[in-house]
Amino acid sequence: MKKRKLKKSDIALIAVFVLAILFNVIARLSTTISDFYVQKIYPVISTPFIWLSGLFPFSVGEVMIVLAVLLVLIGLPVYIIFMIVKRKDKKLTSKISGFSLRFVAWIVAYVFMTETLNCFVM
């Protein structure tokens, strides 16, 4: 069996998940830390994003939701068709599958960390 070496991006992805889980556990166990985060850290983190999203005359969050739905509705069938058409080229399908898996994992990590910092800790 061939040993696979972890890429730096894979280590960073794992670190994001571990930090989010650790932060969730600590916030659940200590209301003092959670209160400190809400009063001192969250306002500093959220202010630039509130200002930036306020520049647009539409809801940035709703646009992101629509784009995510379109990505799934268009991307998934295109991915499946591509894998069927190119199934003989194992190296290319393996590369595309690896990229797709990392892409989805980073999206999940982003959503998990965002929900942790904006909702779960509070």
Novice: If hydrophobic clusters are built by linking Ile, Leu, Val, Met, Phe, Trp and Tyr wherever their side-chain heavy atoms come under 4.5 Å apart, do Ile14 and Phe112 end up in the same one?
Specialist: no
Novice: More than 12 heavy atoms of other residues, nucleotides or ligands under 6.0 Å from CZ of Phe82: is that the case?
Specialist: yes
Novice: For Ile96 versus Met83, what's the shortest heavy-atom pair and its separation?
Specialist: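 So the minimum-distance heavy-atom pair works out to CG2-CE, 3.6 Å.
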Novice: Taking all non-hydrogen atoms of both residues into account, name the closest pair between Ser34 and Ala27 and its distance.
Specialist: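 For Ser34 and Ala27, the tightest heavy-atom pair comes out as CB-O, 4.0 Å.
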Novice: Under a single-linkage definition using a 4.5 Å side-chain heavy-atom cutoff for Ile, Leu, Val, Met, Phe, Trp and Tyr, are Leu13 and Val104 assigned to the same hydrophobic cluster?
Specialist: yes
Novice: Would you call the rings of Phe58 and Phe56 parallel, tilted or perpendicular, taking 30° and 60° as the class edges?
Specialist: tilted
Novice: Looking at CD1 of Ile84 and OG1 of Thr93, how far apart are the two atoms once the value is rounded to the nearest 0.5 Å?
Specialist: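 Reported to 0.5 Å precision, the distance equals 12.5 Å.
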Novice: Side chains of Leu67 and Leu71: does their closest heavy-atom pair fall under 4.5 Å?
Specialist: no
Novice: Does Met113 form a side-chain contact (heavy atoms from CB on, under 4.5 Å) with Leu19? I'd like the steps, not just the answer.
Specialist: CA-CA 8 Å; Met113 185 59 89; Leu19 286 172; 4.1 Å; yes
Novice: Which distance, rounded to the nearest 0.5 Å, do you find between the CG of Leu76 and the CD1 of Ile81?
Specialist: 10.0 Å
Novice: Might you point out which heavy atoms bring Met64 and Tyr110 nearest each other, and give the distance in Å?
Specialist: CE-OH, 4.0 Å
Novice: Mind checking the CD1-CD1 spacing from Ile26 to Ile21? Nearest 0.5 Å is all I need.
Specialist: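 The CD1 atom of Ile21 is 12.0 Å from CD1 of Ile26, to the nearest 0.5 Å.
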Novice: Can you find a pair of side-chain heavy atoms, one from Thr32 and one from Tyr37, that are under 4.5 Å apart?
Specialist: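 No, every pair of side-chain atoms sits at 4.5 Å or beyond.
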Novice: Ignoring hydrogens, what is the shortest heavy-atom contact between Leu117 and Met122? Give both atom names and the distance.
Specialist: O-CE, 3.8 Å
Novice: Which atom pair, heavy atoms only, marks the closest approach of Pro43 to Val38?
Specialist: CD-O, 3.3 Å
Novice: Could you report the tightest heavy-atom contact between Tyr79 and Ser97, atom names first, then the distance?
Specialist: OH-OG, 3.1 Å
Novice: Quick one: NZ on Lys95 to CZ on Phe99, what's the gap to the nearest 0.5 Å?
Specialist: 11.5 Å
Novice: Which value, rounded to the nearest 0.5 Å, describes the distance between Leu70 atom CG and Ile65 atom CD1?
Specialist: 12.0 Å
Novice: Would you please name every residue forming a side-chain hydrogen bond (donor to acceptor under 3.5 Å, both in side chains) with Asp35, sequence neighbours left out?
Specialist: none
Novice: Do other residues, nucleotides or ligands put more than 12 heavy atoms under 6.0 Å from Phe17 CZ?
Specialist: yes
Novice: In Å and rounded to the nearest 0.5 Å, what is the CZ to OG1 distance from Phe120 to Thr114?
Specialist: 10.0 Å
Novice: Examine Phe36 and Ile33 and state if one hydrophobic cluster contains both, with Ile, Leu, Val, Met, Phe, Trp and Tyr joined whenever side-chain heavy atoms are less than 4.5 Å apart.
Specialist: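 Result: no, two separate clusters.
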Novice: Is there a path of hydrophobic side-chain contacts, each under 4.5 Å between heavy atoms, that joins Phe23 and Val108?
Specialist: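 Yes, same cluster.
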Novice: Thr116: which residues meet the side-chain hydrogen bond (donor to acceptor under 3.5 Å, both in side chains) condition with it, sequence neighbours left out?
Specialist: Asn24
Novice: Is the side chain of Ser53 donor-acceptor paired with the backbone N or O of Ile50 at a distance under 3.5 Å, no angle test?
Specialist: yes
